[in-house]
S.K.: 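Have a look at this one.
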Amino acid sequence: MALWRVHVELEDRPGRLGELATAVGRSGCNILSLHVVGEPADDGSVTDELLVKVPDGIEPASMVATVEQAGIPCTLLVRADATELADTATTALALARMVAADPGSAPQAVATLLRARIVEPGAPARTGHVHTLRVGTSQVHLGRSWPFTATELSRAAALLELAGQLSLTGPPSRMVAQLDPILLLVDGSEVRVRIATPADLPLVAALHARCSPATRSARFLSASARLDPDELDTLVGAPHTMFGRGAQRTVLALTTDGGSAVGMVNVERTRAAAASFAVVVEDAWQDRGLGTALVRRAAEVAAEQGNEELEATTHTQNMQVVKLLRRAGLRPTAEITGGMLHVRAPLSPVVTRVG
């Protein structure tokens, strides 16, 4: 499977959006998200951006041809990344939080918002489009492979205005950079890793809902798309759950803009010197080494709490948990009792942070 960004010019008339969805489906592909990125043209049509999942064996160009046969012009076809599946409104709010903590981060925040790169002055020319924005008394040049729209630039201007106002109120804070270290995954993508707080409840709920039924079942022993409110409170460390033997700590992996949780692992002390753990990684982020990195974090948290062993209980067919422990440098043993797989792994006296 691969993700592709597609821009289409869609007429503003009843049923047209349904015709677009039908054409994409007829080609064997699936629309994962859709939003307006351009302003209305003279004929009333608007530019819509789709993120489309294209299965292996299907050429993206054939999907575009099917859409255009339905009379819908396609103006852009470029590869996309799983990070772009994050909710756009949530991403914008997370970037505003980053700018509020450090107004000096505004250029990078705007680049993330527009899915662009910062182009250094004097850098060799690259194909694509470059737009210049004024940040205070300096200029920032942003580049990407498709045109910037007035709608997008107005959003960027609002973020820069926020940074300008905050820069007048006092020195910036580096809190975000200190609390959210960056983790580099094996495919070159990056995530921020930190302990969950009650404010992360919407991110955790959204992560759970986006996971496939199989992924949810492997982690929560249930394929339900919604978590029980009490379980959500426990995962994010709500104040009333922080006492007693079952108190948990959850480590979140977030997109670099902080707008979407893509994985998490929680550690709960279940008996003397032993802690249970459970890990989940959103399907689009699997096979990048994130699960292994989160299990290492779980081992660190458990060791810091004075535990000598890490354990997990899951479905008998979920041998992935054993592989994750081995990749994390532990030596697990497993047995099946009561129709469930029980896995145990001793912790080394000193757990070294990796990644």
Side-chain angles (χ1 to χ4, degrees), residues 1-93 95 109-119 125-133 141-160 210 255 257 259-260 284:
M1 294 284 185
L3 286 179
W4 288 82
R5 177 184 292 105
V6 183
H7 283 190
V8 297
E9 301 298 321
L10 205 61
E11 303 169 60
D12 184 16
R13 63 174 176 82
R16 198 55 168 157
L17 189 58
E19 294 170 5
L20 170 63
T22 299
V24 173
R26 189 185 306 122
S27 70
C29 304
N30 185 35
I31 299 175
L32 298 183
S33 72
L34 180 151
H35 66 279
V36 177
V37 295
E39 43 287 335
D42 293 340
D43 61 359
S45 64
V46 295
T47 302
D48 285 353
E49 179 175 280
L50 320 177
L51 285 182
V52 179
K53 180 187 289 185
V54 179
D56 296 335
I58 296 180
E59 288 296 326
S62 67
M63 179 266 296
V64 169
T66 303
V67 171
E68 292 188 331
Q69 286 172 6
I72 302 173
C74 292
T75 58
L76 178 73
L77 176 69
V78 295
R79 282 294 297 267
D81 187 80
T83 58
E84 297 172 31
L85 292 174
D87 176 68
T88 52
T90 305
T91 297
L93 290 171
L95 291 172
V110 168
T112 300
L113 181 68
L114 299 181
R115 298 183 297 281
R117 67 187 186 280
I118 296 177
V119 179
R126 297 174 60 175
T127 57
H129 300 263
V130 176
H131 186 82
T132 301
L133 292 172
H141 307 283
L142 301 177
R144 67 184 191 186
S145 58
W146 64 99
F148 297 91
T149 68
T151 301
E152 293 176 310
L153 294 176
S154 67
R155 296 168 184 164
L159 197 57
L160 291 175
R210 289 195 307 270
T255 51
D257 56 37
S260 184

S.K.: Please say which of Ile72, Val6, Leu10 ends up in a side-chain contact (heavy atoms from CB on, under 4.5 Å) with Asp48.
M.R.: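 Looking at Ile72, Val6, Leu10, the match for Asp48 under the side-chain contact (heavy atoms from CB on, under 4.5 Å) is Leu10.
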S.K.: Of the non-hydrogen atoms in Arg115 and His35, which two are nearest, and what is the gap between them?
M.R.: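 Taking every non-hydrogen atom into account, NH2-NE2, 4.3 Å.
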S.K.: Kindly give the heavy-atom pair with the smallest separation between Ala109 and Leu95, and that separation in Å.
M.R.: O-CD1, 3.5 Å
S.K.: On a heavy-atom basis, which atom in Thr66 and which in Ala23 lie closest, and how many Å separate them?
M.R.: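 Looking at all heavy atoms of both residues, the shortest contact is CG2-O, 3.4 Å.
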S.K.: Applying salt bridge (charged side-chain N to carboxylate O under 4.0 Å, His left out) as the test, list every pair that has at least one member in residues 20-30; sequence neighbours left out.
M.R.: none
S.K.: Can you tell me how far apart NE2 (His129) and OG (Ser145) are? Round to the nearest 0.5 Å.
M.R.: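 His129 NE2 to Ser145 OG: 7.5 Å, rounded to 0.5 Å.
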S.K.: Can you name the side-chain hydrogen bond (donor to acceptor under 3.5 Å, both in side chains) partners of His131, sequence neighbours left out?
M.R.: none
S.K.: Can you see which heavy atom on Trp146 is nearest to which on Glu49, and at what distance?
M.R.: NE1-OE1, 4.3 Å
S.K.: Report the distance from atom NE2 of His141 to atom CG of Leu133, rounding to the nearest 0.5 Å.
M.R.: 10.0 Å
S.K.: Is Leu142 close to Arg117 at the side-chain level, that is, under 4.5 Å between some pair of heavy atoms?
M.R.: no
S.K.: Check whether any side-chain heavy atom of Thr255 sits under 4.5 Å from a side-chain heavy atom of Thr112, and report yes or no.
M.R.: no
S.K.: The criterion is side-chain hydrogen bond (donor to acceptor under 3.5 Å, both in side chains); which residues satisfy it with Glu9, sequence neighbours excluded?
M.R.: Thr47
S.K.: Backbone N or O of Val37 within a donor-acceptor pair of the Thr149 side chain at under 3.5 Å?
M.R.: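 Such a contact is found between Thr149 side chain and Val37 backbone.
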S.K.: Could you give the distance from CG (Leu76) to CH2 (Trp4), rounded to the nearest 0.5 Å?
M.R.: 10.0 Å
S.K.: Can you pull the salt bridge (charged side-chain N to carboxylate O under 4.0 Å, His left out) pairs that have at least one residue in residues 11-20, sequence neighbours excluded?
M.R.: Glu11-Arg13, Glu11-Arg16, Arg13-Glu19, Arg16-Glu19
S.K.: Can you list the residues that meet the side chain to side chain contact (heavy atoms under 4.5 Å, CB included) rule with Ser154, with sequence neighbours excluded?
M.R.: none
S.K.: Using side chain to side chain contact (heavy atoms under 4.5 Å, CB included) as the criterion, list what pairs up with Pro55, not counting sequence neighbours.
M.R.: Met1, Cys29, Ile58
S.K.: Find out whether Ile118 and Val110 are in side-chain contact, i.e. whether some heavy atom of one side chain is under 4.5 Å from a heavy atom of the other.
M.R.: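 No, every pair of side-chain atoms sits at 4.5 Å or beyond.
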S.K.: If every non-hydrogen atom of Met63 is compared with every non-hydrogen atom of Ser27, which pair is closest and at what distance?
M.R.: CG-OG, 3.2 Å
S.K.: Specify the closest pair of heavy atoms between Arg79 and Leu3, including all atoms of both residues, with the distance to one decimal.
M.R.: NE-O, 3.5 Å
